[in-house]
Amino acid sequence: MAARLPPLNALRAFEASARHLSFTKAAEELFVTQAAVSHQIKSLEEHLGLKLFMRKNRALLLTEEGQSYYLDIKDIFNSLHDATEKLLARGAKGAITVSLQPSFAIQWLVPRLNDFNNLHPDIDVRIKAVDQPDNSLTEDVDIAIYYGRGRWSKVHAQQLHTEYLIPVCSPLLLAGKKPLNNTDDLRHHILLHDTSRRDWKRWVSQVGVKGINVNHGPIFSHSSMVLQAAIHGQGIALANSFLAKADLDAGRLVSPFTEVLVSKDAHYLVYRAHQAELGKIEAFNNWMLETVAKEQEVIVDGHLTDE
């Protein structure tokens, strides 16, 4: 039975042509040429061994067989349309799995997740906090948040923000035995490093501070650990401005200097391109972009310097 079924493209061309009684209008609807529609109709008629259309006084009419066939298949196309709309509607609900690095989850996403839940109560967010993989998304992940320069294969990457790195420390250091009155005072303090010493080296070079040994100080594998070390007065960290926002707002951290390093890296929303318009993914993406934009604007206003 399956072998007798005509090609779907030919059926689509027939249904549209029969509904409009016009090859031209069918072509416009299907975004193809009139010649392509005529070819599909001819192919369908040859497949069925029946004439489906006829011309009378330059008007396009259905034959008796064509009329009968159209009445039968139009309901099938309507059902396909309804099923597709129902599926897309379901895409705006249900569960969504988000994969991201533990630091981003702890410092930023989890404290704000209730805002998303209030806006979209039908979407259950499942957090998968893991170190960033080098390959494409795994099957159990809908969206990931990657850190880097957006160069990942087989996925669509949308930049969340420009990363601004600012010096942060415990307010206790400002009034300690060796207060931080200017950037030269950094030589008397421990520098805390996130993953590598690269960022502090670039910041010191940009600001033009002399006499600071950036090759000393502990290195942490996650941003959250760097911030905790800074909060406990163990040194001065160079922190992502919006990851440090909660601690800055609460007064656990302060930024002693206004010089800001614009990083070449950033966080990106990563997802499969063909799922970009799926309701729950689009909702989460829009919320992330809007929330980050609002917070970053507040943090960096008046603090930027060119890289």
Tell me whether [X] contacts the main-chain N or O of [Y] through its side chain, where contact means a donor paired with an acceptor under 3.5 Å.
{"X": "N118", "Y": "D115", "value": "no"}
{"X": "H161", "Y": "H267", "value": "yes"}
{"X": "S17", "Y": "A26", "value": "no"}
{"X": "Q206", "Y": "V260", "value": "yes"}
{"X": "K280", "Y": "A95", "value": "yes"}

Is [Y] reachable from [X] through a run of I, L, V, M, F, W or Y residues, each pair having side-chain heavy atoms under 4.5 Å apart?
{"X": "M54", "Y": "L50", "answer": "no"}
{"X": "I106", "Y": "L248", "answer": "no"}
{"X": "I127", "Y": "I96", "answer": "yes"}
{"X": "L48", "Y": "L61", "answer": "no"}
{"X": "L21", "Y": "I41", "answer": "yes"}

Report the hydrophobic cluster partners of L172, with the cluster defined as I, L, V, M, F, W, Y residues connected by side-chain heavy atoms closer than 4.5 angstrom, directly or transitively.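 Listed partners: none, L172 stands alone.
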With clusters built from Ile, Leu, Val, Met, Phe, Trp and Tyr whose side-chain heavy atoms come within less than 4.5 Å, directly or transitively, what are the remaining members of the cluster of F220, listed by chain and number?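 So far as hydrophobic clustering goes, F220 is joined with I190, L192, M225, V226.
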Would you say that [X] contacts [Y] through its side chain, given a criterion of any heavy-atom pair below 4.5 Å between the two side chains?
{"X": "T63", "Y": "Y69", "answer": "no"}
{"X": "Y164", "Y": "L261", "answer": "no"}
{"X": "L180", "Y": "H189", "answer": "yes"}
{"X": "E295", "Y": "W108", "answer": "yes"}
{"X": "I143", "Y": "V270", "answer": "no"}
{"X": "Y146", "Y": "L100", "answer": "no"}
{"X": "V141", "Y": "Y271", "answer": "no"}
{"X": "L109", "Y": "L113", "answer": "yes"}

With a sphere of 6.0 Å drawn around [atom1] of [X], does it hold more than 12 non-hydrogen atoms of other residues, nucleotides or ligands?
{"X": "K51", "atom1": "NZ", "result": "no"}
{"X": "R19", "atom1": "CZ", "result": "yes"}
{"X": "H216", "atom1": "NE2", "result": "no"}
{"X": "H39", "atom1": "NE2", "result": "no"}
{"X": "E64", "atom1": "CD", "result": "no"}

Nearest heavy-atom neighbours spanning L52 and E45: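 It is N-OE2, 2.9 Å.
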Kindly determine whether H222 and D131 satisfy side-chain hydrogen bond (donor to acceptor under 3.5 Å, both in side chains), including the steps that lead there. CA-CA 9 Å; H222 290 89; D131 287 327; 3.0 Å; yes
Would you compute the distance between atom [atom1] of [X] and atom [atom2] of [Y] and round it to the nearest 0.5 angstrom?
{"X": "I76", "Y": "L11", "atom1": "CD1", "atom2": "CG", "answer": "8.5 Å"}
{"X": "L269", "Y": "L160", "atom1": "CG", "atom2": "CG", "answer": "4.0 Å"}
{"X": "L80", "Y": "E15", "atom1": "CG", "atom2": "CD", "answer": "10.0 Å"}
{"X": "D184", "Y": "R187", "atom1": "CG", "atom2": "CZ", "answer": "5.0 Å"}
{"X": "I281", "Y": "I123", "atom1": "CD1", "atom2": "CD1", "answer": "10.0 Å"}

Using only heavy-atom distances, determine whether the side chains of [X] and [Y] contain a donor-acceptor pair under 3.5 Å.
{"X": "H20", "Y": "E29", "result": "yes"}
{"X": "S103", "Y": "S223", "result": "no"}
{"X": "N9", "Y": "Q40", "result": "no"}
{"X": "T24", "Y": "Q34", "result": "yes"}
{"X": "T97", "Y": "D140", "result": "no"}

Taking side chain to side chain contact (heavy atoms under 4.5 Å, CB included) as the criterion, tell me which of I166, L238, I212, L165 meets it with W203.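 The residue from I166, L238, I212, L165 that satisfies side chain to side chain contact (heavy atoms under 4.5 Å, CB included) with W203 turns out to be L238.
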Test side chain to side chain contact (heavy atoms under 4.5 Å, CB included) on V254 and C169; report intermediate values, then the result. CA-CA 6 Å; V254 294; C169 66; 4.1 Å; yes
Pair Y147 + F104: ring centers closer than 6.0 Å: no
Is [Y] paired with [X] through a side-chain N to carboxylate O contact shorter than 4.0 Å?
{"X": "D199", "Y": "K264", "answer": "no"}
{"X": "K294", "Y": "E290", "answer": "no"}
{"X": "R272", "Y": "D142", "answer": "no"}

Whether F284 and F116 hold their rings parallel, tilted or perpendicular, with breakpoints at 30° and 60°: perpendicular
Take V262 and E163 through the side chain to side chain contact (heavy atoms under 4.5 Å, CB included) test and state the conclusion after the steps. CA-CA 6 Å; V262 182; E163 182 175 55; over 6 Å; no
Side chain to side chain contact (heavy atoms under 4.5 Å, CB included) between L60 and R55, intermediate numbers included: CA-CA 5 Å; L60 185 66; R55 293 280 183 180; 3.9 Å; yes
Does the pair R12 and L30 meet the rule for a side chain to side chain contact (heavy atoms under 4.5 Å, CB included), with working shown? CA-CA 8 Å; R12 289 182 67 208; L30 299 174; 3.5 Å; yes
What residues form a ring pair (Phe, Tyr, Trp, His ring centres under 6.0 Å) with Y268, not counting sequence neighbours?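 Y268 satisfies ring pair (Phe, Tyr, Trp, His ring centres under 6.0 Å) with W152 only.
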